[in-house]
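Report on one structure; see the data block that follows.
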Number of protein chains: 2
Amino acid sequence: MDSSSVIKKSKSDLAIEMGRTMTELRNLLRQSIQLKIKEHGINITFEMLEVLYHLWQKDGINQQEIADLTLKDKSSMTYMIDNMVKRDMVKRVEDGLDRRNKLIFLTETGIELRRQLHPWIAEVYDLATEDFELKNLEYGIDMFQKMILHLRKSNPSSD
Amino acid sequence: MDSSSVIKKSKSDLAIEMGRTMTELRNLLRQSIQLKIKEHGINITFEMLEVLYHLWQKDGINQQEIADLTLKDKSSMTYMIDNMVKRDMVKRVEDGLDRRNKLIFLTETGIELRRQLHPWIAEVYDLATEDFELKNLEYGIDMFQKMILHLRKSNPSSD
DNA sequence: GCTTGATAGTTTGATTTAAAACTATCAAGT
DNA sequence: ACTTGATAGTTTTAAATCAAACTATCAAGC
């Protein structure tokens, strides 16, 4: 275990390695899902799918809320929603109660897409976590959230 | 543990949640490091730093290898290296042994940057992993690599 | 009511990214 | 030598990204 033939890595080396592995996994997940979408000849990007995913769970939220959920800037969201409106997946509706808001609702097309796409997403994630226990995943999530807390503590500006 | 008052999440729900947390952490790491760079008035992006990081460990590799290490497309690397050459951090050298390759070497400036930047990177990662044991990190890396293996198995094209 | 600060969305500009089509080069088998 | 397939790099194009400056609206306190 501590044999001299094994190169010893420092904690920050390991942390950097974990960051890299994390990115590799995320790229691969995107790639796998995008491949599956393409195989079925659907004209939609991975990023749009991320937005749809949240709308399927809660329809009629505003752009800022979607931006928070997808961890993107609100200006990116203007661009994204524009694009999704063009492709008739969602529609913008003025909020009568607060006229600053534009509420985003799924169109029939957007609702219909769920039937096709949701199983594929689940399939990819299930494949990735094939031989995992629930508690493995919980452990991972917990570790990340701890790291996020540490970083936020020293950099409170970051929401 | 299995109380009816607790909402039960499926494995793929948890996997998706982990994906989100992962992205949040990555954004935050980038943000923290970029802030630190900016505080010290250095004109360099996080992405360039990632390239430098690998060159500091092994100088004189080709663009494709850097792309693999940083998990980016080779066309992104053309753009990136162009930019870094302009800022005199690296130089392109034709490989006499294989004329397809352009070997990337650090300039004096690029070497010098290590002294300043490396401690900051380590500092951010150390902060993030403050109260972690080495084995926590190893556990996380191991979990990611398993997931990557599963995905690659079913999608061998993805290098 | 009016001011002040916060919030939602947009626009603009610059950067980063990947996919696809392309050129050049190498390497292996015939 | 010659073909064939693989590999490295570039160019082009379309998406996606964020920061900063801007408009419109709300909400709280005076």
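Note on naming: letters A, B, ... go to the chains in the order of the sequence lines (proteins, then strands), and numbering restarts at 1 for each one. Hydrogens, waters and symmetry mates are skipped; everything else that's a heavy atom, side chains included, is used.
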To the nearest angstrom, how far is B/K72 atom NZ from D/dT17 atom P?
14 Å
Whole-Å distance separating the CD atom of A/Q34 from the C1' atom of D/dA15
10 Å
Where B/I33 and B/F46 come nearest, the two heavy atoms and their spacing:
CD1-CE1, 3.7 Å
Euclidean distance, atom CE of residue A/M80 to atom P of C/dT17 [Å, nearest integer]
16 Å
Looking only at side-chain N and O atoms, does B/N136 offer a donor or acceptor that is under 3.5 Å from a partner on A/Y139?
yes
If you assign each of A/D95 and A/T45 to its closest nucleotide in DNA chain D, which residue comes earlier from the 5' end?
A/T45
Interatomic distance, A/R26 atom CZ to B/L71 atom CG [nearest 0.5 angstrom]:
12.5 Å
A/I81 CD1 to D/dT17 C1', in whole Å, measures 15 Å
Whether B/F144 and A/F144 hold their rings parallel, tilted or perpendicular, with breakpoints at 30° and 60°:
parallel
Between C1' on C/dA19 and CD on A/Q31, what's the gap in Å once rounded to a whole number?
11 Å
For B/E50 and C/dT15, give me the distance from atom CD to atom P, rounded to whole Å.
18 Å
Would you mind telling me which of A/L113, A/N83, A/V90, A/I37 makes a side chain to side chain contact (heavy atoms under 4.5 Å, CB included) with A/M48?
A/N83
Distance, rounded to the nearest Å, where B/N27 contributes CG and C/dT17 contributes C1':
15 Å
Between OG1 of B/T129 and NE2 of A/H150, what distance do you get to the nearest 0.5 Å?
8.5 Å
Across nucleotides 2-10 of chain D, 5' to 3', mark each nucleotide with B, S or - according to how protein heavy atoms within less than 4.0 Å reach it.
----BBBBB
Could you check whether B/I66 gets within reach of a base, just the sugar-phosphate, or nothing at all, counting any heavy atom under 4.0 Å?
nothing
Calculate, to the nearest 0.5 Å, the distance between atoms CD and NZ belonging to B/Q63 and B/K74 respectively.
10.5 Å
Quick one: on DNA chain C, does A/K38 or B/M48 contact a more 5' nucleotide (nearest heavy atom)?
B/M48
Can you measure B/M84 atom CE to C/dT16 atom C1' for me and round it to whole angstrom units?
14 Å
